[in-house]
Structure formats: structure tokens, C-alpha cells
Amino acid sequence: MSIHRAKTSTLKLGDIALIGIPFDDHSSFLKGPAKAPLLIIEAIESDSANYFTEDLMDLADHSDVCWLGNAPLQDYFDIESIIAEILKGGAIPFSIGGDHSITYPILRAMSASYPSLSILHFDAHGDLYDSLGGNRHSHASPFARIMEEGLAQSLTQVGIRTLNDYQQTQVSKFGVKVIDMRNWSPDIDLNLSGPVYLSFDMDVLDPAFAPGVSHHEPGGFTTREVLRMIQKLDLNIVGLDLVEYNPDRDLNGITAMTAAKIIKELLAKLLSFQK
Ligand code: MN
Ligand code: MN
């Protein structure tokens, strides 16, 4: 079984365009996420599992779910133009792999199409540093850039468990809604009105469930808790990313398989919302 292959130029209105972002130049601690996209697609297409989502949707029936391959990148801001191109045809861009710095150029493209976007961000980290190691495009900084440029009208962060004084100041400055791990409960309502961009950092999961990430932060979600949250969402999602899978840290490909599972359930959510 394989995902329908397509080119950006042949996308149709409402297609869900999976695109690999092989980029980790702005990782602060370890490289690796640039290698993520092809391994995650390989996991989705693995013969070890079937193509059904848990609500019995057969993804094999959906030629509107397309894999565009890895984006050809020369420069960080090529990400913006590549996503803009996908949006031009009315497709939903779903970026796979890369470090979290990719979300800033993606949001520059998204906000041009959706001026009043809300962001739902799953992460162990707030990624709100003005800069890290002198790098304002660090993977620890995308949401500082996004909020100061007004690329989204709201930012809701779920699973945070690394706040410090500085990040707390940034949270207040940008009016971020933080649902931190300590205060999380399965009943929390994550539904937002209007168009939503969903950004999923794999390290929101507990490292016991997803060891293949650069920054192991214990005390995170189980895979099942994440799947339940996704399955409960009732949102108009217009763009997504799944970032920070680091294959160099993975064990037996379990994190790639977990990423694949999360992507499948997100696809089920997108497809059911379009019906
Ligand atoms: Mn992150
Ligand atoms: Mn993180």
C-alpha cells in the first residue's frame, strides 16, 4: 500500500498535501530531524500495519491524501514559498519532519491565506525564546517570531512542562494560552473557532513512548492520550506540521511508527471534517 503521489501543480481544492521538510539547520542541541520525512512515510506505508484509521476510514480509498515528497530546499525561507504554492491550489499543507523552526516560515505563508488564524501547538516546550545562541530562527524561537509578527490571532500550547521565568514573561507578553502538563486533564476542551493551524512536536509525548526526539523531557503524554485528544477535536484545521522526530535517537523505529499513527488519526480528522 502506498500514499497517492502527486505534484504541487496538480493539487486540487481540498486535497491534503503531505510534504517532507528535510530541514534541521536551526536545531540547537542535536541534528537529525532532516532525515525524518522519508522514514515517517516509510512507517505509514509499512506492511506491518494496515491503512485503516481507528474510526474505520480506509486511507487507501483517499486519493485526495497526497505525498509530494521532500521539499527541495536551498534556504530556510524556501519553506514559505513552497507552502504558499500548496495553498494557492486550495490544498491543506501537512508538513512532515524537520525541526520546529520550520513552523515560522510555514506560518508566514499560512497567514497570507488565513489572516485570522488560531494555532494549536502540542509540545513539551513553549518555543518562545526571542533567540537561542544568538539565532532568532532557532527551533526554540518560532512562536516568538509568529506572535510578534501577528501571524496568528491566538496561540494555545498543550503539554508544556519546561516553563522558566523568561518563558513565562514571553507567555504574558504574547497572551499565549498555556495548558501545561501539570494541570492537564483529559476533559480540557481544545476546540477553537475559525481556521486553525495545528503544530505537533513529537516531544510532547513522554520519551518512554517517543524516544526518537532531540530533547527528552519526561512526564509527557502517552500515545493513547494524544490519540484521544486528536479524536475529540472539532476544528477547521487548514494546515499542520509534525516536527522534531529525530531518527538518530529512535529505538527500533518506534517513534517513526508513533508519528505515522498520529498522522493517520490527524488525516482521519481532516477527512471527516470535510464530509
Ligand atoms: Mn517544539
Ligand atoms: Mn519540543
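Order of appearance sets the numbers: ligands from 1, and atoms from 1 within every ligand. The basis for the numbers below is simple: all heavy atoms, side chains too, and nothing from hydrogens, waters or symmetry mates. All residue numbers in this chain count up from 1 along the given sequence. Please read these numbers as outputs of a predicted model, since none were measured by experiment.
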Which atom of His100 is nearest the Mn ion (ligand 1), counting N, O or S only? It is ND1
If you consider just the N/O/S atoms, which atom of Asp123 is the closest one to the Mn ion (ligand 1)? OD2
Under 2.8 Å: N/O/S of His139 next to the Mn ion (ligand 1): no
Quick check: does Asp127 put an N/O/S atom under 2.8 Å from the Mn ion (ligand 1)? yes
Heavy-atom count check: over 12 atoms from other residues, nucleotides or ligands less than 6.0 Å from Arg182 CZ? no
Should we say atom NZ of Lys232 is surrounded by more than 12 heavy atoms from elsewhere, each under 6.0 Å from it? yes
So the angle subtended at the Mn ion (ligand 2) by Asp201 atom OD2 and Asp203 atom OD1, rounded to 10 degrees, is 100°
Centres of the His121 and Phe200 rings: under 6.0 Å? no
Please tell me whether Ser27 and Asp99 have a donor and an acceptor in their side chains that are separated by less than 3.5 angstrom. yes
Answer with yes or no whether the side chains of Tyr51 and Asp61 bring together a donor and an acceptor at under 3.5 Å. no
Nearest N/O/S atom of His125 with respect to the Mn ion (ligand 2), by atom name, please. ND1
